[in-house]
Amino acid sequence: MTPELTNYVRRCAAPRFLAEAVWRFATRARAAVALRVLPHQSLRAQPASVRRAREAMLAYASEPNQPIPVVTVTPRSLTLTATTVHVVHATDWRQSFGDAEVASSLHRWNWLLYGVTTDAIPLTREAGLSLMRSWLRACAHDAECTDGAYTTSERLANGLLFLMRDGNAVVPGDLAGAFRQMGRHIAERLEYHADGMTGNHAFNNARALLMAGAWTDMPGARDLAYAIAAERLPVLVTHDGFMREGSSHYHLLFTRWVLEMLWVARRTGDSSFVDLLASYASRLVARCWFFLIAGSSDAWQLPLIGDVSPDFPPEWLVSLPWSPLALDVYKPAALPPTPRTKGWASLLGTPASGSGALVSAAACYPSDGWCRTEAGDWTLFVRARSHDGVLRAGHEHVDLGSYAVFRAGRAVVVDCGRHDYTMSDLGLFGRGPEAHNAPLVESLGSFAYGPSWLAESYTAVRVALTLVSNEQEQVVTVAHDGFSRLAGRPVGHYRKLSLSPTGLNVEDHFTGSGERVVACHVHFGPDVQGAETGTQWQVGEARGSLRFEPPYAVERVPGVPTAPHGGFFFPAYGQRRSICTLKATGRLTLPATLVHAIAEETV
């Protein structure tokens with residue numbers, strides 16, 4: 001039994017909490033049974049406006065498709081999630097992979113967009129048409145390849161983007177029929193789910209349906225796309241412009257979807273769709289700059305906070321704010337140099353070239369749980385969001401109070417990211433508290449990490465996130481009641497992070513009484529050297545000292561793929577790099593204060 005569940009069972013000794021826990025478990029069990037037994041659960045979760053538009057679209061009779069001709073495919077290596085695959089024969093489309101997300105990337109046609117943006121030998125229109133037709137002949141009627149509205153949405157959107165990115169392109173008749181069939185498949189399986197579990201997938205369904213309506217003359221598809229987008233956007237985008245699901249990478253991915261839909265709406269003269277999307281697009285692009293960090297030689301990156309999408313890697317999306325589509329809705333005061341890797345920004349135009357310096361993106365958004373601040377060459381990100389305990393779809397991690405810090409664009413301390421979405425040890429590690437730079441009390445993180453049937457009062461947490469600036473330093477504070485869920489005597493926690501031109505000082509103040517075992521992980525960036533000593537660090541030309549107070553036990557955590565507790569950084573889905581992780585542990589008598597500092601040597 002995990003430490004979280006052990007603590008939960010101990011809490012059930014209180015009759016009132018036990019009653020809530022039993023009710024919550026019964027509610028979730030009933031929902032799980034209903035999902036498996038009762039038909040049309042997705043229909044019940046759909047808002048009335050979406051349901052009406054869906055019924056109207058499906059009322060149109062399906063047109064017979066033109067046959068897909070036999071084609072000869074020129075052998076080619078296709079870029080998939082975390083790997084490549086060589087396609088020569090029709091049987092190559094049915095290859096097996098250990099991770100379902102890798103297999104899905106073959107059937108989502110992501111490789112079409114890689115082919116025109118990043119492949120050494122660009123994918124021509126003719127070669128792309130042959131590959132699509134080859135796949136359709138081999139897989140179009142195979143449920144194993146086509147099942148799932150998200151995969152079909154990606155395939156439809158990526159295929160049409162590949163074909164229509166040139167201004168005067170047309171969709172061949174046989175492919176138009178195949179795309180209309182995909183659109184109907186999506187409408188029949190819209191990804192609406194009960195109990196707050198409808199996330200970004202339904203919006204991606206809308207993106208594909210908009211393209212199907214615009215470019216394959218699919219009746220009703222545009223109206224269904226509009227109904228979904230109008231319902232989803234206020235749910236998925238916060239007032240300050242963040243994608244609500246708690247991931248820096250998914251923020252860029254979702255912004256890409258919105259910009260592509262805006263591009264389609266403008267090209268087709270759909271003014272009402274343009275009006276719906278434009279205000280969200282400008283706020284989303286503005287918040288993309290919040291995450292970007294300038295490195296040397298036009299190398300840009302973002303802190304990988306929350307999940308890492310398997311669809312496209314961070315490096316492919318980091319150029320997004322320089323794209324003509326993005327700059328049309330939001331342009332910073334000074335446009336910095338274009339990233340070295342053009343990626344998505346080169347798909348629908350030529351990325352703009354700038355020469356200015358990035359204007360400080362320092363800001364604090366307490367209601368969204370994001371904070372960034374800068375001092376000299378140092379940049380600090382802090383993640384700390386309140387949660388009401390209600391179950392929702394999302395991509396956030398157990399990262400309350402965690403931080404990532406960069407010096408001159410190079411990672412000094414990182415959020416580990418996430419290796420995969422499987423139930424593997426590596427995949428589960430990335431979500432949990434040990435993969436983040438935040439304290440643990442009795443092996444528990446500051447936010448509950450467990451199954452969906454945990455009581456709402458147990459998973460709810462109130463957070464106060466603040467940023468105070470002065471001439472000497474930038475001070476971020478995180479106060480929360482996440483450790484109040486611990487069985488026994490309550491524990492309070494207040495974190496103070498002070499960033500100055502010479503480094504970072506982190507103070508963890510614990511309130512309460514009695515003894516508690518407290519630990520804190522510090523995950524150093526993949527280019528940091530010397531941190532294993534526990535007393536010094538170096539990245540590039542910068543070097544400095546590490547300090548832990550009081551002098552409690554500090555150990556290096558080895559990177560072990562089986563049951564990992566640290567030692568890995570995941571720069572993209574399915575990829576990993578070895579890093580130095582230090583774990584400081586002590587048995588403390590509360591109240592107590594722990595400090596760790598990363599100070600730069602000054603000449």
Side-chain angles (χ1 to χ4, degrees), residues 200 203 207 229 232-263 265-266 273-294 300-306 309 314 316-339 342-345 347-349 351-374 379-383 385 395-396 404 406 409 465 467 469 474 476:
N200 64 68
F203 188 82
R207 179 177 68 119
R232 285 283 86 197
L233 281 168
V235 175
L236 291 170
V237 183
T238 71
H239 173 76
D240 290 317
F242 288 97
M243 197 268 191
R244 197 182 297 273
E245 295 188 353
S247 162
S248 56
H249 186 207
Y250 271 87
H251 179 90
L252 268 71
L253 182 71
F254 184 81
T255 304
R256 170 211 160 196
W257 293 349
V258 173
L259 290 176
E260 289 172 351
M261 293 176 73
L262 186 59
W263 176 71
R266 284 175 170 165
F273 228 131
V274 171
D275 292 342
L276 171 65
L277 295 168
S279 65
Y280 289 99
S282 61
R283 284 182 284 151
L284 286 163
V285 173
R287 295 293 84 80
C288 287
W289 289 102
F290 171 89
F291 291 114
L292 293 181
I293 305 158
W300 291 77
Q301 60 180 313
L302 66 154
L304 298 181
I305 298 171
S309 170
W316 193 77
L317 287 166
V318 78
S319 63
L320 181 148
W322 283 266
S323 70
L325 300 180
L327 291 172
D328 191 55
V329 296
Y330 179 85
K331 186 174 183 178
L335 188 66
T338 312
K342 301 301 185 288
W344 181 84
L347 179 66
L348 302 174
S353 179
S355 58
L358 177 64
V359 176
S360 174
C364 186
Y365 300 93
S367 61
D368 293 329
W370 295 107
C371 186
R372 170 181 178 158
T373 190
E374 297 161 356
T379 302
L380 172 70
F381 292 89
V382 179
R383 175 69 176 153
R385 186 181 72 89
H395 289 282
E396 65 184 342
F406 296 76
L465 174 64
L467 169 63
S469 303
Q474 309 290 310
V476 180

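- Between atom CZ of residue Arg385 and atom CG of residue Leu465 there is a gap of 12.5 Å, rounded to the nearest 0.5 Å.
- Note that CG of Leu317 is 9.0 Å distant from OG1 of Thr255, once rounded to the nearest 0.5 Å.
- Between the side chain of Ser319 and the backbone N or O of Pro339, no donor-acceptor pair lies under 3.5 Å.
- Here the closest heavy-atom approach between residue Ala362 and residue Thr373 is recorded as CB-CA, 3.8 Å.
- You'll find the side chain of Arg287 stays beyond 4.5 Å of the side chain of Thr238, heavy atoms only.
- Shown here for Asp240 and Ser367, the closest heavy-atom pair between the two residues is OD2-OG, 3.9 Å.
- In this pair, Phe203 and Trp257 present their aromatic rings parallel. The plane angle is below 30°, not in the 30 to 60° band.
- Proximity of Leu302 to Ile293: side-chain heavy atoms (C-beta onward) are nowhere separated by under 4.5 Å.
- At a threshold of 4.5 Å between non-hydrogen side-chain atoms, the residues Thr379 and Arg372 count as touching.
- Side-chain contact check for Pro332 versus Leu327: some heavy-atom pair is nearer than 4.5 Å.
- Using a 4.5 Å cut-off on side-chain heavy atoms (C-beta onward), Arg256 and Arg207 make contact.
- Trp322 places a side-chain N or O within donor-acceptor distance of the main-chain N or O of Pro336, the cut-off being under 3.5 Å.
- Distance alone, capped at 3.5 Å, is enough to place a donor-acceptor pair between the Gln301 side chain and the Gly409 backbone.
- Using a 30° and 60° split on the angle between ring planes, Tyr250 and His395 fall in the parallel class, below 30°.
- In this structure, His251 and Cys288 have side chains that are in contact, with non-hydrogen atoms separated by less than 4.5 Å.
- Closest approach of Asp368 to Arg383, counting heavy atoms only: O-NH1, 2.7 Å.
- Ring-plane geometry between Phe291 and Phe242 is classed as perpendicular, the angle between the planes exceeding 60 degrees on a 0 to 90 degree scale with a lower cut at 30.
- Taken to the nearest 0.5 Å, the CG atom of Leu292 stands 6.5 Å off from the CG atom of Leu252.
- Nearest approach of Leu335 to Ala352, heavy atoms of both residues: CD2-CB, 3.7 Å.
- Atom NE2 of His249 and atom CH2 of Trp316 lie 9.5 Å apart (nearest 0.5 Å).
- With Tyr280 as the aromatic partner, Arg283 meets the cation-pi criteria of under 6.0 angstrom to the ring centre and within 45 degrees of the ring axis.
- You'll find the side chain of Glu245 stays beyond 4.5 Å of the side chain of Phe254, heavy atoms only.
- In Lys342, the NZ atom is crowded: over 12 heavy atoms of neighbouring residues, nucleotides or ligands sit closer than 6.0 Å.
- In this structure, CG on Leu304 lies 11.5 Å from OG on Ser309, to the nearest 0.5 angstrom.
- No donor-acceptor pair closer than 3.5 Å links the side chain of Ser282 to the backbone N or O of Tyr330.
- Within the model, atoms CG of Leu233 and CG of Leu277 stand 6.5 Å from one another, a figure rounded to the nearest 0.5 Å.
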Check: Step by step, would you call Leu347 with Trp263 a side chain to side chain contact (heavy atoms under 4.5 Å, CB included)?
Finding: CA-CA 12 Å; Leu347 179 66; Trp263 176 71; over 6 Å; no

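- Here the shortest heavy-atom pairing between Ala404 and Pro303 reads CB-CB, 4.5 Å.
- Looking at heavy atoms from C-beta onward, Ile305 lies in side-chain contact with Trp370 at the 4.5 angstrom threshold.
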Next item on the list: For salt bridge (charged side-chain N to carboxylate O under 4.0 Å, His left out), just list the numbers for Asp328 and Arg266, CA-CA rounded to whole Å, side-chain angles, deciding distance to a tenth of an Å, and then say yes or no.
Entry: CA-CA 12 Å; Asp328 191 55; Arg266 284 175 170 165; 2.6 Å; yes

Next item on the list: Kindly determine whether Val476 and Cys364 satisfy side chain to side chain contact (heavy atoms under 4.5 Å, CB included), including the steps that lead there.
Entry: CA-CA 9 Å; Val476 180; Cys364 186; 6.0 Å; no

